There are 2 protein chains.
Amino acid sequence: MLKPTESELEILQLLWKNGPSSVREINDELNKTKEVGYTTTLKIMQIMHGKELLTRTEKGRYHIYTAAISQEKTQGQLLDRFVDATFGGEAMKMVMQTLGNHKASKEELEAIKKLIENLENN
Amino acid sequence: MLKPTESELEILQLLWKNGPSSVREINDELNKTKEVGYTTTLKIMQIMHGKELLTRTEKGRYHIYTAAISQEKTQGQLLDRFVDATFGGEAMKMVMQTLGNHKASKEELEAIKKLIENLENN
DNA sequence: AATATAATACGACGGGTTTCGTAGATGCAA
DNA sequence: TTGCATCTACGAAACCCGTCGTATTATATT
């Protein structure tokens, strides 16, 4: 399976969040964070289409792009890679470091505890 | 702070795990997983030295390299980046996905539960 | 119909990373 | 001390990614 690049991942995130979008819409979103030229965004999305990371349909004179890979699957694969590359595969070490360094609400912590208890009863 | 590349991170992992090493030792380790030429490894380690990711001392005719950045700090920074890029900053979502997808021992799960309880009491 | 506006397509450049070949230096063994 | 094995240094090539300029096409407006 293909590993999306940094820029590709940003675009995927927007498509996952906002649903099918035009290049213009994606580029506008991106420019809320950083400056990117329109044709730069266009080119990347064309490449992604070539790699089959995106599908697209013509709509009048422009294209509407849709993510062709699922958010969960993609996150899962990138997660695996990351755990291997950065934590030498020690996933639980990463979990503990994340819990220690990132704020979490009471509800989130409860949800995680519940999940762990489910895991322990299997 | 500097973001190590893929290859650089592999080398850092070995240095963190095995302690100060020669290029030869690192290259031998790397070749247990994949084929890499000796001078390739050498060059990367020289670059890392230039970036001050590694320190080195002469020992006879060769060099012994040591990681110049801490494992925890580096992992923490890469973790932050990764959570942002891949999970849109939702760290707890990542934690739950990790728990669901990776095997964990009873001891690890207990340790995590204990950690969460500590967090809840602060 | 002519013009302006906005989209697509695509080639090319620049920076960074990895790989490799080769030259030069150094220590060890015969 | 001569020669061999092994190390360092370094330049150059190959590759990927992101950026941009420009040509072309298509729609909308007057």
Side-chain angles (χ1 to χ4, degrees), chain A residues 1-15 20-66 69 74 78 81-82 84-86, chain B residues 1-15 20-66 69 74 78 81-82 84-86:
Chain A
M1 156 80 82
L2 268 169
K3 182 184 179 185
T5 67
E6 270 308 289
S7 304
E8 289 172 349
L9 194 53
E10 284 183 88
I11 291 172
L12 283 171
Q13 299 268 18
L14 292 173
L15 288 171
S21 312
S22 66
V23 176
R24 175 64 56 194
E25 289 166 334
I26 295 292
N27 190 61
D28 286 351
E29 281 295 316
L30 289 175
N31 275 275
K32 289 180 181 170
T33 307
K34 59 170 187 177
E35 207 176 297
V36 202
Y38 177 84
T39 55
T40 300
T41 304
L42 171 66
K43 176 92 186 207
I44 293 178
M45 291 177 76
Q46 286 174 340
I47 291 172
M48 293 172 79
H49 181 239
K51 290 185 188 174
E52 299 189 331
L53 294 174
L54 306 182
T55 58
R56 74 183 184 189
T57 61
E58 303 240 355
K59 175 166 180 182
R61 94 178 119 155
Y62 55 91
H63 294 310
I64 295 292
Y65 288 84
T66 306
I69 58 180
T74 306
L78 293 175
R81 266 181 220 259
F82 178 74
D84 284 347
T86 307
Chain B
M1 156 82 80
L2 267 171
K3 181 186 180 183
T5 67
E6 265 316 281
S7 303
E8 289 172 351
L9 193 52
E10 284 183 86
I11 291 171
L12 283 171
Q13 298 269 19
L14 292 174
L15 288 171
S21 312
S22 66
V23 176
R24 175 63 57 195
E25 289 166 334
I26 296 292
N27 191 60
D28 286 351
E29 282 294 316
L30 290 175
N31 275 276
K32 289 180 182 171
T33 308
K34 57 169 188 179
E35 207 176 295
V36 203
Y38 177 84
T39 55
T40 300
T41 303
L42 171 67
K43 177 90 185 206
I44 293 178
M45 291 178 76
Q46 286 173 339
I47 291 171
M48 292 172 79
H49 180 239
K51 291 185 187 174
E52 298 189 333
L53 294 174
L54 305 182
T55 59
R56 73 184 185 189
T57 61
E58 304 241 355
K59 176 168 180 179
R61 93 179 120 156
Y62 54 91
H63 292 140
I64 296 291
Y65 287 86
T66 307
I69 59 181
T74 306
L78 294 176
R81 266 181 221 257
F82 178 75
D84 284 346
T86 307

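This is a predicted model, so every value here is computed, not measured. Chain identifiers are assigned alphabetically (A, B, ...) following the order of the sequence lines, protein sequences preceding nucleic acid strands; residue numbering begins at 1 within each chain.
- Proximity of B:Arg61 to the phosphate of C:dA25: no side-chain N or O atom is located under 4.0 Å from OP1 or OP2.
- For B:His63 and D:dT8, the shortest distance from a side-chain N or O to OP1 or OP2 is below 4.0 Å.
- Ion pairing between a basic and an acidic side chain is recognised when a charged N comes within 4.0 Å of a carboxylate O; A:Glu8 and A:Lys3 show no such pairing.
- Residue B:Thr5 has no polar side-chain atom (N or O) positioned under 4.0 Å from OP1 or OP2 of C:dG16.
- Rounded to a whole Å, the CD1 atom of B:Ile44 is 16 Å from the C1' atom of D:dT8.
- Residues A:Ser21 and A:Ile64 have side chains not in contact (no heavy-atom distance under 4.5 Å, counting atoms from C-beta outward).
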Next on the checklist: For B:Tyr65 and B:Ile26: C-alpha separation, side-chain torsions, deciding distance, then whether side chain to side chain contact (heavy atoms under 4.5 Å, CB included) applies.
Outcome noted: CA-CA 10 Å; B:Tyr65 287 86; B:Ile26 296 292; over 6 Å; no
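- Checking the phosphate oxygens (OP1, OP2) of D:dA9, a side-chain nitrogen or oxygen of B:Arg56 falls inside 4.0 Å.
- Taking atom CG on B:Asn27 and atom C1' on C:dT18, their separation rounds to 14 Å, with Å as the unit.
- Among the protein residues, B:Ile47 comes within range of the nucleic acid bases, having at least one heavy atom under 4.0 Å from a base atom.
- Atom CD1 in B:Ile26 sits about 12 Å away from atom P in D:dT8, given to the nearest Å.
- Nearest-nucleotide mapping onto DNA chain D: of A:Gly37 and B:Glu58, the residue sitting toward the 5' end is B:Glu58.
- Straight-line distance from the NZ atom of B:Lys51 to the C1' atom of C:dT17: 8 Å, rounded to whole Å.
- Put simply, CD on A:Glu6 is 16 Å from C1' on D:dT19, counting in whole angstrom units.
- Phosphate contact (OP1/OP2 of D:dT8, side-chain N/O of B:Tyr38, threshold under 4.0 Å): present.
- Here B:Arg81 does not pair with A:Glu6 in a salt bridge; the nearest charged N to carboxylate O distance is not below 4.0 Å.
- Aromatic ring pairs are classed by plane angle as parallel below 30°, tilted from 30° to 60° and perpendicular above 60°; the pair A:Phe82 and B:Phe82 is parallel.
- Here the side chain of A:Leu42 is nearest to one of C:dA9, D:dA9, C:dT17, namely C:dA9.
- Protein atom CE of B:Met48 is 17 Å distant from nucleotide atom P of C:dG16, rounded to whole Å.
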Checklist entry - Passes side chain to side chain contact (heavy atoms under 4.5 Å, CB included), B:Leu12 versus B:Met48? Steps please. => result CA-CA 10 Å; B:Leu12 283 171; B:Met48 292 172 79; 3.7 Å; yes
Item to check | side chain to side chain contact (heavy atoms under 4.5 Å, CB included) between A:Ile11 and A:Gln13, worked out | outcome: CA-CA 5 Å; A:Ile11 291 172; A:Gln13 299 268 18; over 6 Å; no
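- Residues B:Glu29 and B:Arg24 are not paired through a salt bridge, judged by the lack of any N-O separation under 4.0 Å between the basic side chain and the carboxylate.
- Using a 4.0 Å cut-off, some side-chain N or O of B:Arg24 falls inside it from OP1 or OP2 of D:dC7.
- Residue contacts for B:Glu8: at a heavy-atom cut-off of 4.0 Å it reaches no nucleic acid atom on any strand shown.
- The CD atom of A:Gln46 sits 17 Å away from the P atom of D:dT24 (whole-angstrom rounding).
- For C:dG21, its base never sits under 3.5 Å from the side chain of B:Lys43 at any donor and acceptor pair.
- Between B:Thr39 and the phosphate of C:dG21, there is no side-chain N or O to OP1/OP2 separation shorter than 4.0 Å.
- A straight line from OH of A:Tyr65 to P of C:dA9 spans 6 Å, rounded to a whole angstrom.
- In the helix from C:dA1-D:dT30 to C:dA30-D:dT1, the end axes, each obtained as the rotation axis mapping the C1' atoms of four pairs onto the next four within a five-pair block, lie 10° apart to the nearest 10 degrees.
- B:Ser7 has a side-chain polar atom (N or O) that falls below the 4.0 Å cut-off from OP1 or OP2 of C:dT18.
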